[in-house]
Amino acid sequence: MNDYDPKDMEPKWQKIWEETKPYEAKGSDKPKYYALVEFPYPSGEGLHTGHVRSYTAMDIVARKRRREGFDVLYPIGWDAFGLPAENYAIKTGIHPSITTQKNIETYRKQLKALGIWFDWSREVDTTDPKYYKWTQWIFLKFLEHGLAYKAKTVVNWCPKDKIVLANEEVVSGKCERCGTEVEKREKEQWMLAITKYAERLDKDLDDVDYSERIKLQQRNWIGRSEGALIKFGEIEIFTTRPDTIFGATFVAIAPSVAKRLTGKDFGIVSDTDRENKEKLGVDTGLRVRNPATGEDVPVWVVNYVSADYGTGAIMAVPAHDVRDFEFAEKYGLQKKYVVIPRIPDLTNPHVPGKEIVFRNGVMAIVRNPKDGKIINLKWKKQPWTTFVMGGIEEDESPEVAARREIHEETGYKNLKFVRILGGPVQSEFFAAHKDLNRVAHTWQILFDLENDEKDEIGEEEKEMHDIVWVDVEELKSVRLSHAEAELVIDRLVNGEKPYTGEGILINSEKFNCLESADAKKKITDAVEGKWVTKYKLRDWIFSRQRYWGEPIPVIHCEKCGYVPVPEADLPVLLPEVAAYQPGPDGESPLANISEWVNTTCPKCGGSAKRETDVMPNWAGSSWYFLRYADPHNNTEFASKEALKHWMPVDWYNGGMEHTTLHLLYSRFWNKFLFDIGLVPQSEPYTRRTSHGLILAEGGEKMSKSKGNVVNPDTIVNQFGADTLRVYEMFMGPFDQAIAWSEASLVGPRRFLEKVWRLKEKINNKEIENKNAEILMHETVKKVSDDIESLAFNTAVSALMIWTNSLEKREAVSEEEFETLLKLLSPFAPHMTEELWENLGQKGSIHEEAWPAFDKAKLSKKETVIVIQVNGKVRASLTTPSDTTEVKLKEMALQSPGIQKWLEGRQIVKFIVIPNRVVNILTT
RNA sequence: GCCGGAGUGGCGGAAUGGUAGACGCGCACGACUCAAAAUCGUGUCUCGCAAGGGGUGGAGGUUCGAGUCCUCUCUCCGGCACCA
């Protein structure tokens with residue numbers, strides 16, 4: 001009975017498909033569909049479960065598309081340059097290409113055993129000279145258009161291994177291999193000017209269908225921001241907050257900028273890439289003019305400004321920037337408040353039509369240092385509790401005003417000024433006792449009581465309020481009648497923090513009372529600054545001092561400089577080396593082969609040296625999707641016709657971890673090739689989605705070192721490829737990380753067995769009844785829709801529900817069974833093909849048209865209506881669909897068990913939502 | 001610190017503002033069996049004998065009705081991080 005056995009069935013069909021090649025893209029007249037997954041790095045560990053997740057998902061999409069009438073391209077290849085093969089070569093002396101080819105063989109076998117229908121005739125391999133010839137060729141195009149250049153950059157250097165390390169080889173500042181502390185070294189490197197494309201890489205995201213989190217992550221990475229370039233004397237600074245310029249009390253510059261300016265080394269090292277680094281700085285002695293205030297301000301060299309963002313110089317505004325604040329506190333530099341928050345009192349808002357009256361005020365926080373208690377005033381005629389407060393008179397400083405108010409309102413006279421709590425705020429409220437709308441700029445000042453000595457206060461004041469002493473904890477629960485109470489208490493408890501938000505300008509001469517947003521450009525204009533856009537994105541360091549990569553096709557000649565290798569001489573082949581160790585000065589191992597390095601200059605014919613750096617392993621993957629269109633072309637990287645036919649990629653699925661590097665790099669290459677007229681679209685991918693990580697059973701990351709890696713082969717052997725595929729689709733939402741669960745695999749396996757057994761129930765009768773037919777059409781719709789929205793888990797669930805229902809029946813019609821198989825076939829291609837054959841069908845189920853649903857057959861005859869009384873479910877009712885409201889009301893009242901809820905009550909209202917709910921509201 | 005995402009049974013997870021827990025795993029009981037496995041059936045949020053009550057991290061709010069919308073808050077995950 002239970003004779004479902006994938007062991008023979010799966011290899012059998014794989015062999016047949018291998019021979020009939022149903023998966024090859026034809027380039028026919030049918031509409032094209034290009035489905036793409038990230039090609040794997042063929043590591044020694046073999047395929048992992050994450051590959052299966054992504055590849056199966058797109059396999060399902062690709063199969064569905066084919067059956068919807070598309071000519072589908074779903075290719076695969078190998079991103080085969082990379083460190084593991086090279087490190088293995090250093091250890092064993094085995095050439096990386098041998099290791100790589102062996103691994104590719106394994107991957108191929110594994111992928112085929114999963115029944116994924118890749119177009120194997122279009123395989124690409126980035127390490128194949130026929131492929132990397134064109135990677136080199138594209139590099140020469142970059143060079144030709146001035147987008148590849150040499151520059152000195154800082155690299156990670158392991159002094160023991162004498163090797164330049166990739167960032168991923170540096171683990172908490174140490175060499176991953178030998179544990180030696182990594183040093184920073186300057187080195188001349190090839191760069192690609194991706195920053196020239198920053199604006200378009202950002203803006204063009206508007207027009208592509210990437211999931212929001214992908215777009216967001218790319219935008220953050222590109223880091224567009226607008227701001228002003230403003231000259232402080234000879235120093236030009238960049239700021240996004242020109243509205244705070246009146247508070248710029250010094251200028252901070254990066255060490256290299258200081259050196260350039262003064263020729264001196266101040267012993268400060270720029271260290272902007274380490275977290276929680278203590279801020280350090282030295283006064284250069286230079287003074288420059290703040291163009292807004294006209295005052296001279298000091299110039300400091302600091303370690304927290306980096307030379308390569310903006311201009312390497314900033315105007316420091318301690319009152320409104322956390323970093324400047326921290327630095328100014330440490331070195332005792334001046335702080336000036338120029339932007340204050342607007343705090344409208346929501347419980348007591350401005351009354352429209354009433355006069356608006358402005359005042360400068362103070363709020364005095366009077367503390368008894370003995371017990372830490374604070375004075376509150378409890379007002380007698382108004383429901384208010386406040387601190388001591390009042391207006392600042394002409395010629396008064398805030399402190400003097402505060403002392404006067406304290407004396408008037410409390411009688412205390414011996415007070416010690418402690419500190420200003422923070423910058424003033426603008427509160428906006430309706431002053432009921434004066435019948436006016438108040439806009440107040442209020443300083444908060446903390447005083448300690450020196451002693452109890454106090455004068456008698458006036459009768460008038462006494463009548464107004466009582467004095468209450470409250471400790472800080474209680475303060476939080478007192479409902480203080482200040483809009484800014486929360487801010488003030490925070491400043492009192494946690495100390496001052498700079499106000500970095502936008503707000504209203506003060507102390508800014510003619511710009512006072514403007515809003516920040518408004519003031520930014522006005523001030524920039526006034527100081528003759530320039531409004532500019534900046535990006536965080538940096539140019540791409542394109543050199544690697546390694547062996548296993550594409551040689552950079554450039555020759556250096558003493559006379560002619562850097563000369564591109566002529567196109568006819570491409571590819572520059574990776575030479576055989578005796579050892580894979582780096583060169584004596586950390587160069588690539590290629591530097592050790594003098595007969596390869598020494599060559600002649602293509603320009604002047606004199607002696608010259610080859611570039612020994614190779615490309616990063618991001619190079620080959622930056623354009624592989626183009627090569628798939630025309631993988632065997634020997635004269636072009638891909639023909640224009642082929643590109644025009646297949647590009648753009650309609651749907652590209654891959655890992656979230658490639659969002660910022662690979663995805664951005666490949667968009668950049670594609671845009672460049674578009675600009676020089678070699679590819680047809682500016683954006684390579686129409687739609688991009690990401691699958692979630694598959695974690696190990698305990699929720700940790702799978703890793704070789706933890707020994708918790710699940711090998712797909714084991715699962716295929718034990719359960720079959722179809723079960724593995726269905727399981728991975730069913731396990732949870734596709735875009736979320738999820739833990740592997742061996743125990744849960746039996747569910748999908750049982751489901752497939754159940755489908756398998758259904759064949760016993762087939763007869764040729766019509767579909768049994770209307771409900772069965774509805775379920776069929778519902779399932780067709782649900783599965784079709786869910787595949788499009790990557791909701792594979794609920795698609796499988798819908799198939800299970802239908803299967804369970806069919807299984808309970810005596811007999812199943814042929815139409816139902818065939819439809820079920822068709823829907824299931826992209827998920828479980830082998831067993832459905834087998835069952836299809838058993839049915840006596842000619843040809844492959846995978847060539848059958850995708851099932852369509854009939855909209856008219858989706859609507860149910862009967863609907864369950866929920867009856868609520870006062871929002872609580874009290875009964876339910878099966879009614880013909882689309883019963884009218886009036887009828888529903890009637891039926892609801894008559895339905896059993898409802899009357900008792902209505903006894904002794906008056907019905908106030910009916911809420912009737914047809915086909916859903918009747919809610920009866922009573923008194 | 002900043003920017004995202006997520007918190008629902010024993011577990012993975014469902015749920016256009018309309019019966020919370022679909023589907024699957026696990027578990028319990030039953031059928032079949034000499035027995036077991038497999039399979040099938042029934043049950044499985046929680047308190048309660050029941051009638052009913054409570055329940056989607058927590059506190060408020062909007063609504064006839066909130067897992068879903070709004071405000072605040074806690075926790076976890078991801079990304080960026082002295083970016084001016």
Query raised in the report: Reckon A/Val864 touches a base, only the sugar-phosphate, or nothing at all at heavy-atom distances under 4.0 Å?
Result: base

Query raised in the report: When you compare B/C80 with B/A20, how far apart are their C1' atoms, in angstrom units rounded to a whole number?
Result: 37 Å

**Report entry** Under-4.0 Å side-chain N/O to phosphate OP1/OP2 contact, A/Arg750 with B/C25
**Finding:** yes

Query raised in the report: Below 4.0 angstrom from OP1 or OP2 of B/G54, is there any side-chain N or O of A/Lys872?
Result: yes

Query - Any strand: nucleotide that pairs with B/G65 via Watson-Crick or wobble, under 3.5 Å - result: none

Report task. May I ask you to verify if any side-chain N or O of A/Ser797 is less than 4.0 angstrom from the OP1 or OP2 atom of B/G13? Result -> no

Query raised in the report: How far does the P atom of B/A50 sit from the matching atom of B/U39, given to the nearest Å?
Result: 33 Å

Requested in this report: Give the rounded distance in Å between these two atoms: CE of A/Met731 and P of B/G24.
Outcome: 17 Å

Query raised in the report: Counting only distance, no hydrogens or angles, is the base of B/G18 paired donor-acceptor with the side chain of A/Gln868 under 3.5 Å?
Result: yes

**Report entry** Opposite nucleotide pairing with B/U75, Watson-Crick or G-U, both atom distances under 3.5 Å
**Finding:** B/A6

Query - Phosphate contact (B/G24 OP1 or OP2) by A/Asn804 side-chain N/O below 4.0 Å - result: yes

Query raised in the report: Does B/G4 have OP1 or OP2 sitting under 4.0 Å from an N or O in the side chain of A/Arg219?
Result: no

Report summary line: Heavy-atom nearest pair, A/Trp531 first then A/Glu226, reads NE1-OE1, 3.0 Å

Query raised in the report: When you check the side-chain N and O atoms of A/His662 and A/Glu38, is any donor under 3.5 Å from an acceptor?
Result: no

Query raised in the report: Phosphate oxygens OP1/OP2 of B/A14: is one of them under 4.0 Å from a side-chain N or O of A/Asn793?
Result: yes

Report summary line: Picking from B/A84, B/G52, B/C23, the nucleotide nearest the side-chain atoms of A/Tyr309 would be B/A84

Query raised in the report: Are A/Glu326 and A/Glu329 close enough that some pair of their side-chain heavy atoms sits under 4.5 Å apart?
Result: no

Requested in this report: Find which nucleotide of RNA chain B each of A/Leu216 and A/Pro748 is nearest to by heavy atoms, and output the residue with the more 5' nucleotide.
Outcome: A/Leu216

Requested in this report: Compare side-chain N and O positions of A/Lys754 against OP1 and OP2 of B/A38 and report whether any pair is under 4.0 Å apart.
Outcome: no

Requested in this report: Report yes if some heavy atom in the side chain of A/Glu728 is under 4.5 Å from a heavy atom in the side chain of A/Phe734; otherwise report no.
Outcome: no

Query raised in the report: Above 12 or not: heavy atoms from other molecules or residues under 6.0 Å from NZ of A/Lys530?
Result: no

